[in-house]
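Here's the structure we're looking at; comments come further down.
So you know, we letter chains A, B, ... as the sequences are listed, proteins then strands, and number each from 1.
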Amino acid sequence: MTLSIYNTLTRHKEPFATIEPDKVTMYCCGVTVYDDCHLGHARSYIAWDVLRRYLQWRGYTVRYVQNFTDIDDKILNRARAEGATMQAVSDRYIDAYFRDIQRLNILDASEYPRVTEHIPDIHALIQGLVEKGYAYATDGDVYYNVEQFGDYGKLSGRQLEQMQAGAGGRVDPNDPDRKKRNSSDFALWKSAKPDEPAWESPWGMGRPGWHIECSAMIWARLGETIDIHGGGGDLVFPHHENEIAQSEALTGQPLARYWMHNGMVTVGGEKMSKSLGNFTTIQALLDGQWPDYPQPVAPMAIRLFVLQAHYRKPLDFTPMAIAAAEKGWHTLNSALTAELPSHELSGNTLEAESVQRFQAAMDDDLNTAAALAVLFELAKSIQREVNRRTHQSTRQLSDPQLITTWQTLSQLASVLGLEAQPESTASSPDSSLDLDVAWVETLLHQRQAARQEKHYAESDRIRDELQAAGITVVDLPGGKAEWHRS
RNA sequence: GUCUGGGUAGCCAAGUGGUAAGGCGUUGGUCUGCAAAACCAAAAAUCGUGGGUUCGAUUCCCACCCUGGACUCCA
């Protein structure tokens with residue numbers, strides 16, 4: 001079987017072939033660190049995390065580079081508003097990024113370069129473009145001359161003359177201050193304004209434009225051509241188009257063999273974004289601070305929510321969808337944490353048919369929705385068997401079969417980054433719910449006594465009292481009961 | 001205007017030239033003093049509309065309707 005990947009550049013699924021056998025170089029655009037990450041970011045990085053995990057599972061060695069944009073107008077604005085330095089702001093949100101992303105079980109990239117670490121590479125790249133006639137300097141700014149690059153528009157399918165400058169409503173094409181020759185030209189280097197952080201350069205003090213950083217980091221760290229370049233679908237134009245223009249004009253080589261883009265998270269059909277203000281941060285979601293769903297959401301439920309849709313399609317964010325994902329995760333998690341016979345019985349064998357179906361789904365441009373169907377079938381099979389054994393004392397699967405099924409589920413789930421969490425800690429120790437365990441145990445004893453004497457009104461009253469305190473009581477066979485936080 | 005996606009059961013969502021995975025929900029059953037959980041079973045989709053190609057289309061083509069994203073902030 002061959003892995004095929006949808007390439008934005010060709011608008012087709014293509015068989016995946018690497019530059020070097022068994023090795024993959026991939027670069028995904030990271031965040032501009034001026035605020036907390038929201039669910040849209042989570043979706044993107046979960047998608048690339050799954051791609052990376054799957055490639056590794058398929059036997060590739062993956063070198064995955066993801067940048068931090070730590071020079072930017074928004075970071076500057078934030079720093080000014082706080083009276084802090086740009087670096088203080090970006091450091092803070094880089095920390096926040098790691099905090100959120102690790103909770104979602106997203107593996108660390110191989111490297112996390114920052115723009116500020118690559119100023120010399122940026123200079124070299126711009127210098128090269130100037131020398132080759134692709135860029136021009138005016139008054140301390142350097143612009144890319146889009147008309148010089150014949151392939152401009154090949155990624156996004158645009159032609160310069162068909163674009164309407166300013167259609168996005170954020171730019172005034174008739175801005176008298178502009179020094180560009182063509183409205184499509186974009187800044188490689190911006191001259192410093194007073195009170196802004198600035199770096200020395202051959203064109204005077206200033207700072208890099210947005211697009212150049214990715215070209216420079218890829219060039220410096222991964223070489224002229226990489227296997228996979230990923231990012232949000234909203235970056236296709238202009239960001240990735242401009243990266244191509246910069247890198248390919250300089251090196252004469254393709255920047256990336258496969259361009260992959262994830263779909264947007266939407267809210268009520270509209271893109272979740274900072275500028276629309278309709279975003280929910282990862283932290284708020286995990287900590288139960290989302291007003292539409294005021295309880296902590298299991299991190300794995302968020303992964304499940306994301307992976308139940310294909311990565312290229314829009315994904316609508318609703319309380320119902322999150323609730324459904326939580327339930328779905330509960331099903332998988334129960335199977336993953338099921339009590340099994342001793343594991344030593346069966347080496348490391350897996351169910352070949354399930355693995356094959358999983359792989360076929362993932363090979364088809366990472367069809368995680370179809371892959372999850374395999375996981376759910378495995379999980380249900382485990383639950384069914386465990387239920388038979390505990391409640392009916394019968395069995396349909398041998399111990400090795402059951403363990404093999406579990407091992408298959410466990411391994412395939414981990415390829416998707418779905419890892420078991422004990423139920424009790426799923427909702428995390430919340431200090432606002434400081435429980436008096438002794439008090440609970442006392443009430444449970446009273447209830448048990450009442451039940452034994454068939455004083456059901458009293459036992460139900462105690463159960464209601466505990467429920468009101470946020471404790472759910474579950475009766476077990478044999479007159480025993482267990483409890484957990486609601 | 002230009003470029004690019006999407007419209008599949010109550011909701012979410014895969015997929016296919018021969019009437020359609022999975023999840024959530026719903027209904028009935030088992031279990032329980034009653035619940036909950038779990039398990040078993042079931043119901044539920046003329047696959048946006050209208051044409052065309054075909055023995056046959058939800059799947060290919062055309063038109064139309066609705067809708068998302070991009071057009072220099074964006075994951």
Side-chain angles (χ1 to χ4, degrees), chain A residues 8 11 28-32 37-48 72-74 146 153 156-159 161-171 173 180 183-187 209-211 230-239 241-242 261-266 269-276 304-305 308-310 312-316 318 320-321 323-332 334 357 361 364 367-377 380 383-388 390-392 451 454-457 459-460 463 467 472-477 481-482:
Chain A
T8 307
R11 313 274 168 202
C28 298
C29 290
V31 284
T32 301
C37 289
H38 58 62
L39 186 60
H41 300 105
R43 182 198 194 174
S44 193
Y45 299 116
I46 287 171
W48 310 131
D72 174 86
D73 284 342
K74 287 177 181 161
V146 164
S156 55
R158 285 156 208 264
Q159 293 172 315
E161 56 275 16
Q162 285 177 332
M163 281 190 288
Q164 213 169 295
R170 283 184 305 275
V171 187
K180 298 180 195 178
S183 64
S184 296
D185 292 350
F186 55 91
W210 174 36
H211 315 293
D234 50 358
L235 298 181
V236 174
F237 190 91
H239 185 55
E241 196 71 71
N242 290 351
H261 294 95
N262 64 275
M264 299 293 101
V265 172
T266 57
E270 274 192 321
K271 177 183 169 186
M272 175 180 286
S273 73
K274 284 284 166 62
S275 39
L276 285 172
L304 193 59
F305 167 67
Q308 277 188 312
H310 186 87
R312 283 193 280 118
K313 288 202 174 175
L315 175 60
D316 205 43
T318 62
M320 270 184 74
E326 285 248 66
K327 291 287 183 107
W329 169 242
H330 174 74
T331 299
L332 290 179
S334 304
R357 282 202 296 142
D364 183 16
N367 188 341
T368 52
L372 280 170
V374 177
L375 299 199
F376 274 102
E377 284 166 27
K380 298 245 161 162
Q383 296 237 45
R384 206 175 299 134
E385 180 65 15
V386 168
N387 187 62
R388 256 187 226 112
T390 54
H391 296 294
Q392 298 168 18
R451 290 183 73 211
K454 300 198 189 298
H455 291 158
Y456 294 122
S459 83
D460 288 351
R463 184 167 63 192
Q467 187 65 61
T472 297
V473 178
V474 179
D475 291 329
L476 301 174
E482 65 178 20

Classify the nucleic acid contact of [X] as base, sugar-phosphate or nothing, counting any heavy atom under 4.0 Å across all strands shown.
X	value
A:A324	sugar-phosphate
A:V374	nothing
A:G40	base
A:E326	nothing
A:W210	sugar-phosphate
A:N262	base
A:G263	base
A:A309	sugar-phosphate

G-U wobble or Watson-Crick pairing nucleotide for [N] (cut-off 3.5 Å, both distances):
N	answer
B:U2	B:A70
B:A9	none
B:U49	B:A63
B:C34	none
B:A42	B:U26
B:A75	none
B:A14	none

Quiz item: Which nucleotide, B:A75, B:A70, B:G22, lies nearest any side-chain atom of A:R158?
Solution: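 Selected nucleotide: B:A70.
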
Quiz prompt | Closest listed nucleotide, where the reference is the side chain of A:F376 and the choices are B:G15, B:G23, B:A70 | solution =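 Among the listed nucleotides, the one closest to the side chain of A:F376 is B:G23.
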
Self-check item: Base versus backbone protein contacts along nucleotides 33-42 of chain B [heavy-atom cut-off under 4.0 Å; B, S, -]
Solution: BBBB-SSS--

Practice problem: Over all heavy atoms of both residues, which pair between A:H261 and A:G232 is shortest? Give the atoms and the distance, please. | Solution: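 Looking at all heavy atoms of both residues, the shortest contact is CD2-O, 3.4 Å.
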
Quiz item: Which heavy-atom pair separates A:K271 from A:L276 by the least distance, and what is that distance?
Solution: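 In terms of heavy atoms, the two residues are closest at O-CD1, 3.3 Å.
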
Quiz item: Does A:W329 have a side-chain nitrogen or oxygen under 4.0 Å from the phosphate oxygens OP1 or OP2 of B:G23?
Solution: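 Checking A:W329 against B:G23: no side-chain N or O falls below 4.0 Å of OP1 or OP2.
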
Exercise. Apply the test side chain to side chain contact (heavy atoms under 4.5 Å, CB included) to residues A:Q308 and A:L372: give CA-CA distance (whole Å), side-chain angles for both, the deciding distance (0.1 Å), then the verdict.
Key: CA-CA 7 Å; A:Q308 277 188 312; A:L372 280 170; 3.6 Å; yes

For [X] and [N], what is the distance between atoms [atom1] and [atom2] respectively, to the nearest whole Å?
X	N	atom1	atom2	answer
A:F186	B:C73	CZ	P	13 Å
A:H239	B:C3	NE2	P	24 Å
A:L315	B:G69	CG	P	14 Å
A:D72	B:C73	CG	C1'	8 Å
A:H310	B:A13	NE2	P	13 Å
A:F305	B:A13	CZ	P	9 Å
A:M272	B:G69	CE	C1'	15 Å
A:L372	B:G15	CG	C1'	15 Å

Exercise. Tell me, with the steps shown, if A:T331 and A:K380 meet side chain to side chain contact (heavy atoms under 4.5 Å, CB included).
Key: CA-CA 8 Å; A:T331 299; A:K380 298 245 161 162; 4.0 Å; yes

Exercise. Name all residues meeting the ring-ring contact (aromatic ring centres under 6.0 Å, His included) criterion together with A:H211; count only those two or more places apart in sequence or in a different chain, and write none if there are none.
Key: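 ring-ring contact (aromatic ring centres under 6.0 Å, His included) list for A:H211, sorted by chain: A:F186, A:H239.
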
Quiz item: Excluding sequence neighbours, so at least two apart, what forms ring-ring contact (aromatic ring centres under 6.0 Å, His included) with A:H41?
Solution: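 Residues passing ring-ring contact (aromatic ring centres under 6.0 Å, His included) with A:H41: A:H38.
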
Span that lies between the [atom1] atom of [M] and that of [N], in whole angstrom:
N	M	atom1	value
B:G56	B:U16	C1'	14 Å
B:A43	B:C24	C1'	16 Å
B:A9	B:G23	C1'	13 Å
B:C47	B:U58	C1'	4 Å
B:C65	B:G48	C1'	8 Å
B:C61	B:U27	C1'	43 Å
B:A21	B:A38	P	24 Å
B:A75	B:C40	C1'	44 Å

Exercise. Using heavy atoms to find the nearest nucleotide of RNA chain B for A:G269 and A:E377 separately, return the residue whose nucleotide is more 5′.
Key: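 It is A:E377, whose closest nucleotide lies nearer the 5' terminus.
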
Practice problem: Please figure out whether A:K274 or A:A370 has its closest RNA chain B nucleotide nearer the 5' end. | Solution: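 It is A:A370 whose nearest nucleotide is closer to the 5' end.
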
Quiz item: Got a second to check how far A:R158's CZ is from A:E241's CD, nearest 0.5 Å?
Solution: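 Spacing of CZ (A:R158) from CD (A:E241) equals 8.0 Å.
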
Exercise. Kindly compute the distance separating CZ (A:R43) from SG (A:C37), expressed to the nearest 0.5 Å.
Key: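 Separation between the atoms: 16.0 Å.
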
Quiz item: By side-chain contact (heavy atoms from CB on, under 4.5 Å), which residues pair with A:T266, not counting sequence neighbours?
Solution: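 Expected list: A:P314, A:D316.
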
Self-check item: Set of side-chain contact (heavy atoms from CB on, under 4.5 Å) partners for A:D460, sequence neighbours left out
Solution: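 Result, side-chain contact (heavy atoms from CB on, under 4.5 Å) vs A:D460: A:R463.
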
Quiz prompt | N-O pairing of A:R388 and A:E385 below 4.0 Å | solution =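 A salt bridge links A:R388 with A:E385.
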
Quiz item: Ignoring hydrogens and angles, are the base of B:C74 and the side chain of A:K271 linked by a donor-acceptor pair under 3.5 Å?
Solution: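 Side chain to base: pair present.
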
Exercise. Verify side chain to side chain contact (heavy atoms under 4.5 Å, CB included) between A:Q467 and A:V473, making sure each step is shown before the conclusion.
Key: CA-CA 7 Å; A:Q467 187 65 61; A:V473 178; over 6 Å; no

Measure all distances between protein nitrogen or oxygen atoms and nitrogen or oxygen atoms of nucleotides 4-7 of chain B, and list the pairs falling under 3.5 Å.
none

Quiz item: Can you find a side-chain donor-acceptor pair between A:T32 and A:D72 that sits under 3.5 Å?
Solution: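 The criterion, which ignores hydrogens and geometry beyond distance, is not satisfied for A:D72 and A:T32.
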
